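For reference, the structure is listed below as structure tokens.
Atom set for the values below is all heavy atoms of this structure, side chains included, hydrogens, waters and symmetry mates excluded. What you see is a predicted model; the values in this text were computed from it and never measured.
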Amino acid sequence: MRMSQLLLPTERETPADAQALSHVLGVRAGLIRQLGAGLWTWLPAGWRVHQKIEAIIREEMNAIGGQELLMPLIQPRELWKKTGRDQIDELFSLSDRKGAEMVLAMTHEEAVTFHVSQIVRSYRDLPLILYQLQLKGRDEPRPRAGVLRTREFIMKDSYSFDRDDAGLEVSYAKHIEAYDRIFERSGLEWYRVESDVGVMGGSGAHEYMAPCPAGENDVALAPGYAANVEVASAEPSAAHLPPTQNEPSEAPTPGAKTIEQVSAALDLHPSALLKAFPVVTDSEKLVLAIVRGDHRVNEFKLRSVLGEGFRPASDEEISSQIGPPGFIGPVGIQVPVLLDSAVAGQPGGWVTGANKLDIHLLGVEPGRDFQFDLADIRSVEEGDLVDGTPIRLEAAIEVGNIFKLGTRYSEPLGASFLDEDGAEQSIVMGSYGIGPARIAAAAIEQNADESGIAWPKAIAPWEVELVVLGKAGSAEVEAGEKLYVELIEAGLDVLFDDRDAGPGEKFADAELLGCPLRITLGKRSLESGTLELQGRRGLTELASIPLDDGSAAAVREILSQLP
RNA sequence: CGGGGCGUGGCGCAGCCUGGUAGCGCACCUGCUUUGGGAGCAGGGGGUCGGAGGUUCGAAUCCUCUCGCCCCGACCA
């Protein structure tokens, strides 16, 4: 590609509304442009990156027997009513000229299951893996960070159809294999982590996370362990408890409502306190969840333990059924108590609210002083242990996910088959997503420096940028034209900066765009008979190569060494 | 949905408080010079100041409403 003919609007200045690095550099390097909130155009160079990622995905999906198809973005709302997903707030809704209600698909479970339900009749038709690269529409409450969270985006979504759970395990394992290879080949640093099954429902899920500062999720990492903090479990540090007592005793704590205030008033470590978190479930049951004072309630875990959604209890509900807000505790109340496992490890000496104004209880012992159900409902923290090793927390972008759906969709949509015995069975499904745009964003975030992007070779817009210095008609330009043709004929993926611009501008743009290998051809090259090569990562000077008939082969060789 | 911020030429900004008919840098066009790190000189084009209404002799500036965008939180198959 000749740069003189390329639509590549590079910007010297940072866009005023951009925060995340991938957003700033995506715009400055001329890869993407915004049309509206969460609505982005991929400009030619950016689209090449996207397409390279798509190509890797297609190869690996085909390698596990996936079959590519394409389903509509616009769908009848009726279909979504059958699975109940028409109630999701993020679902874009519209109607056609006849007033028929339509939606923009946020994923394609309904559509693909609808078709499979009509087409698949027999166990002989299974298993199946179907996939597509198609737009998704989501009315996001808050699009952000450029291409990281948008209202419309291309997703690779695949769906597996099996006759039983054992079959699903096989399809799931195949996707793990394909996904590991896709992210590895894309050149990302990535983790496969255990994840929450969320509102999709299902029996198991993993997420693929690419660590980077702009990430919206936190992952807990230890050697051999990786999990989204939403579900991560680890051994807590020990609480600093005062001595046990034969029975609880009251201590005055006037005005001390927060953990900080109470621990200061009683001169105790926050970990000695029991933090009471009253919630009301969707079915209007009041439950008192309790974690250690220095721990935080994990809402994902709590929802999963409760088996339904919940909201924090109101002050009125707390006052009438437990005690004065700020001074509540589990002792002597008629409300069910859900106690975090981290508390159960140590027997006594806990401090809780006394359910009396301005008073806390010392020496409280779970079991002796109050009844409870035990569950893991806290969020892990930096320094908690997994197999004796402290975990660390890291921000990450979710670049892919895999779900075991089971019959969540096949049952409401009637996707079934006849087994060998002629018995009708529901198809067991899995669903699997990848966001190519997020792979691109993560690659930028993970590999940028002060000068710009440093793409992994596999997904760079071009592998090589040929920078020719010299004015039009000069011997340098003539030699550059010849070299460009030779590189193209050698099958290399080359961007040729043939613009009539100064060297500083060309170098700066090359570093901003971030092709892995830069070839410089100027007056010096003609004098010395060599080409200068620079690797984009770290802007490393590579060995010069002779400028002759073997140049293209030499470039190819050097390129093969680059990441 | 709660909180905060911002809309002035393609991009980044000043002007607004204290009303007088729009300016700077970059980019762009023409010519000449220049060509190994975002060049120089000269000339030039482009904005009804997000939109609507109001106050006023006069509104980018003051008032009201509205739309859009960004950030934090909530939310996020």
Original post:
Base, sugar-phosphate, or nothing for A:Thr150, non-hydrogen atoms under 4.0 angstrom?
Top reply: nothing
**OP:** Please give the nucleotide sitting opposite B:A74 as a Watson-Crick or G-U wobble pair, both distances under 3.5 Å, or none.
**Re:** none
Original post:
Using atom C1' of each nucleotide, how far apart are B:G10 and B:G20 to the nearest Å?
Top reply: 30 Å
Original post:
Counting N and O atoms only, with roles assigned by atom type, does the side chain of A:Lys275 sit under 3.5 Å from a partner on the main chain of A:Arg296, one being a donor and the other an acceptor?
Top reply: no
Subject >> Touch class at under 4.0 angstrom, heavy-atom based, for A:Ala508 against every strand present >> reply: base
Subject >> Any donor-acceptor N/O pair under 3.5 Å between B:C76 base and A:Arg149 side chain >> reply: yes
Subject >> Opposite nucleotide pairing with B:C24, Watson-Crick or G-U, both atom distances under 3.5 Å >> reply: B:G12
Original post:
What does A:Arg438 touch in the nucleic acid at a heavy-atom separation under 4.0 angstrom: a base, only the sugar-phosphate, or nothing?
Top reply: nothing
Original post:
Which base, if any, makes a Watson-Crick or G-U wobble pair with B:G45, both distances under 3.5 Å?
Top reply: none
Original post:
Any idea which of B:C69, B:G36, B:C71 is nearest the A:Asp17 side chain?
Top reply: B:C69
Original post:
How long is the line joining CZ of A:Arg303 and P of B:C75, in whole Å?
Top reply: 9 Å
Original post:
Checking all strands, does A:Gly36 fall into the base, sugar-phosphate, or nothing category for heavy-atom contacts under 4.0 angstrom?
Top reply: sugar-phosphate
Original post:
At under 4.0 Å between heavy atoms, what does A:Arg142 touch on the DNA or RNA strands: base, sugar-phosphate, or nothing?
Top reply: base
Subject >> Proximity to the side chain of A:Glu299 - top-ranked nucleotide from B:U35, B:C75, B:G36 >> reply: B:C75
**OP:** Measure the distance from CZ on A:Arg151 to C1' on B:C69 and round it to the nearest whole Å.
**Re:** 11 Å
**OP:** Assign A:Ala501 to base, sugar-phosphate, or nothing according to its heavy-atom contacts below 4.0 angstrom with the strands shown.
**Re:** base
Original post:
When you measure from the side chain of A:Arg12, which nucleotide among B:C71, B:C26, B:U35 comes out closest?
Top reply: B:C26
Original post:
Among the nucleotides B:G36, B:U35, B:G38, which one has an atom lying closest to any side-chain atom of A:Asp500?
Top reply: B:U35
Original post:
Would one find a side-chain N or O of A:Gln19 under 4.0 angstrom from OP1 or OP2 of B:C72?
Top reply: no
**OP:** Tell me which of A:Lys523 and A:Asp89 sits closer to the 5' end of RNA chain B, going by the nucleotide each one is nearest to.
**Re:** A:Lys523
**OP:** Quick one: closest heavy-atom pair of A:Pro15 and A:Val27, and the distance?
**Re:** CG-CG1, 3.5 Å
Subject >> Distance, rounded to the nearest Å, where A:Arg536 contributes CZ and B:G37 contributes P >> reply: 18 Å
Original post:
Nearest of B:A27, B:A74, B:C69 to any side-chain atom of A:Pro141?
Top reply: B:A74
**OP:** Please state whether the rings of A:Trp47 and A:His50 are parallel, tilted or perpendicular, taking 30° and 60° as the class boundaries.
**Re:** parallel
Subject >> Touch class at under 4.0 angstrom, heavy-atom based, for A:Arg28 against every strand present >> reply: base
**OP:** Select base, sugar-phosphate, or nothing to describe what A:Ala105 touches, counting heavy atoms under 4.0 Å on all strands.
**Re:** nothing
**OP:** Could you work out the separation of B:U8 and B:G50 based on their P atoms and round it to a whole Å?
**Re:** 6 Å
**OP:** Just name whichever nucleotide pairs with B:U55, Watson-Crick or G-U, keeping both distances under 3.5 Å, else none.
**Re:** none
Original post:
Choosing from B:G12, B:C75, B:G38, which nucleotide comes nearest the side chain of A:Glu505?
Top reply: B:G38
Original post:
Between A:Ser195 and A:Asn228, do the side chains contain an N or O donor and an N or O acceptor separated by less than 3.5 Å?
Top reply: no
Original post:
At what distance, to the nearest 0.5 angstrom, does OG1 of A:Thr530 lie from CD of A:Glu527?
Top reply: 10.0 Å
**OP:** For B:G46 and B:A22, measure between their C1' atoms and round to the nearest Å.
**Re:** 13 Å
**OP:** Take atom CG of A:Leu148 and atom P of B:C70, then tell me their distance rounded to the nearest Å.
**Re:** 13 Å
Subject >> Polar contact flag, side-chain donor to acceptor under 3.5 angstrom, A:His108-A:Gln134 >> reply: no
Original post:
Does B:G7 have a Watson-Crick or wobble partner in any strand here, with both distances under 3.5 angstrom, and which is it?
Top reply: B:C67
Original post:
Can you tell me how far C1' in B:C67 sits from the matching atom in B:A74, rounded to whole Å?
Top reply: 24 Å
**OP:** Please examine the side chains of A:Ile182 and A:Lys156, heavy atoms only from C-beta on, and report whether any two atoms are closer than 4.5 Å.
**Re:** no
**OP:** Report yes if some heavy atom in the side chain of A:Met106 is under 4.5 Å from a heavy atom in the side chain of A:Trp80; otherwise report no.
**Re:** yes
Subject >> B:C32 pairs with, by Watson-Crick or G-U criteria that keep both distances under 3.5 Å >> reply: B:G40
Subject >> Atom C1', compared across B:G38 and B:G43: separation rounded to whole Å >> reply: 23 Å
Original post:
Any idea which of B:G37, B:A74, B:G10 is nearest the A:Glu11 side chain?
Top reply: B:G10
Subject >> B:G47 versus B:G23 - spacing of their C1' atoms, nearest Å >> reply: 11 Å
**OP:** Among B:G36, B:G37, B:U35, find the nucleotide with the atom closest to the side chain of A:Glu532.
**Re:** B:G36
Original post:
Which part of the nucleic acid, if any, lies within reach of A:Ser474 when heavy atoms closer than 4.0 Å are counted: base, sugar-phosphate only, or nothing?
Top reply: nothing
Original post:
Between A:Lys471 and A:Thr10, who's closer to the 5' end of RNA chain B by nearest nucleotide?
Top reply: A:Lys471
Original post:
What is the distance, rounded to the nearest whole Å, between atom CG of A:Leu469 and atom C1' of B:U34?
Top reply: 14 Å
Original post:
If we take the P atom in both B:G25 and B:C62, what is their distance in whole Å?
Top reply: 26 Å
Subject >> A:Arg499 CZ - B:A39 P separation (whole Å) >> reply: 12 Å
Subject >> Per A:Gln34 side chain, nearest of listed nucleotides B:C75, B:C70, B:G12 >> reply: B:C70
Subject >> Atom P, compared across B:G51 and B:G7: separation rounded to whole Å >> reply: 14 Å
Subject >> Residue among A:Ser158, A:Ser171, A:Ser160 satisfying side chain to side chain donor-acceptor pair (under 3.5 Å) with A:Tyr432 >> reply: A:Ser160
**OP:** Using whole Å, report how far CG of A:Leu539 lies from P of B:G37.
**Re:** 15 Å
Original post:
Under 3.5 Å, is there an N or O donor on one side and an acceptor on the other linking the side chain of A:Glu13 and the base of B:G25?
Top reply: yes
Subject >> Audit row: A:Asp157, A:Thr107, side-chain hydrogen bond (donor to acceptor under 3.5 Å, both in side chains) steps and yes/no >> reply: CA-CA 8 Å; A:Asp157 47 324; A:Thr107 58; over 6 Å; no
Subject >> Whole-Å gap separating C1' (B:C71) and CD (A:Glu216) >> reply: 13 Å
**OP:** Please state whether the base of B:G37 and the side chain of A:Glu511 form at least one donor-acceptor pair under 3.5 Å?
**Re:** yes
**OP:** Could you please name the option among B:U34, B:C13, B:C69 that lies closest to any side-chain atom of A:Ala16?
**Re:** B:C13
